[in-house]
Amino acid sequence: MRIAPGPATVCVVDVRIGVTQAPREISLEVEDSDRDDLKSRVEAALSGATDVLWITDKRGRDVGVPAAKIAYVEVGSAEGERRIGFGG
């Protein structure tokens with residue numbers, strides 16, 4: 001009897017990007033392994049090295065944000081570290 005392997009577990013992190021003159025923030029989930037690369041691309045966009053910050057989320061969608069419109073970027077914790085409920 002042969003057992004098929006289950007789906008690979010991939011840790012994801014939440015990314016929230018505030019955009020100036022926009023009422024809502026952009027929320028994405030990216031793979032935890034891409035965290036350092038994402039931080040370096042955000043720094044490059046904010047320093048003016050690139051005009052557009054491109055991010056590929058865990059579903060393969062590409063999202064582009066003009067660097068001049070970025071108000072803030074928040075890179076959250078891994079999915080397993082999320083708290084649920086009102087506990088402190």
Side-chain angles (χ1 to χ4, degrees):
M1 179 175 184
R2 188 173 199 190
I3 299 174
T9 302
V10 176
C11 292
V12 295
V13 294
D14 292 320
V15 177
R16 289 193 289 254
I17 303 170
V19 181
T20 59
Q21 301 178 351
R24 294 179 49 182
E25 62 190 13
I26 299 170
S27 295
L28 304 165
E29 289 182 337
V30 298
E31 293 183 18
D32 190 38
S33 60
D34 295 337
R35 180 189 298 247
D36 292 332
D37 179 51
L38 175 62
K39 286 181 182 179
S40 65
R41 287 188 286 137
V42 168
E43 289 175 7
L46 294 176
S47 70
T50 59
D51 294 331
V52 179
L53 171 64
W54 285 100
I55 301 174
T56 303
D57 71 358
K58 72 174 190 172
R59 296 179 183 160
R61 296 179 299 175
D62 290 325
V63 177
V65 181
K69 297 290 185 177
I70 296 173
Y72 64 89
V73 177
E74 180 181 310
V75 180
S77 60
E79 188 175 44
E81 298 174 10
R82 291 184 186 169
R83 292 185 182 193
I84 298 175
F86 297 102

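Of the inter-residue distances, the one linking Leu28 atom CG with Arg59 atom CZ reads 10.0 Å to the nearest 0.5 angstrom. Going from atom CZ of Arg16 over to atom CD of Glu25 covers 5.5 Å, rounded to the nearest 0.5 Å. Atom CG of Asp57 and atom CD of Glu31 lie 10.0 Å apart (nearest 0.5 Å). Atom CD1 of residue Ile55 and atom CG of residue Asp34 lie 10.5 Å apart, to the nearest 0.5 angstrom. Taking SG of Cys11 as the start and NZ of Lys58 as the end, the distance is 11.0 Å to the nearest 0.5 Å.
Closest approach of Ala45 to Leu53, counting heavy atoms only: CB-CB, 4.1 Å. Taking all atoms of both residues into account, the shortest heavy-atom contact from Thr50 to Ala67 is O-CB, 3.6 Å. In terms of heavy-atom proximity, Thr20 sits nearest to Ala71 at CG2-CB, 3.9 Å.
Under the 4.5 Å side-chain criterion, counting only non-hydrogen atoms from C-beta, Thr56 is not in contact with Val30. Looking at heavy atoms from C-beta onward, Arg35 lies out of side-chain contact with Leu38 at the 4.5 angstrom threshold.
Val15 is connected to Val63 through a chain of hydrophobic side-chain contacts under 4.5 Å among Ile, Leu, Val, Met, Phe, Trp and Tyr, so both are in one cluster.
Within a 6.0 Å radius of CG in Asp62, more than 12 heavy atoms belonging to other residues, nucleotides or ligands are found.
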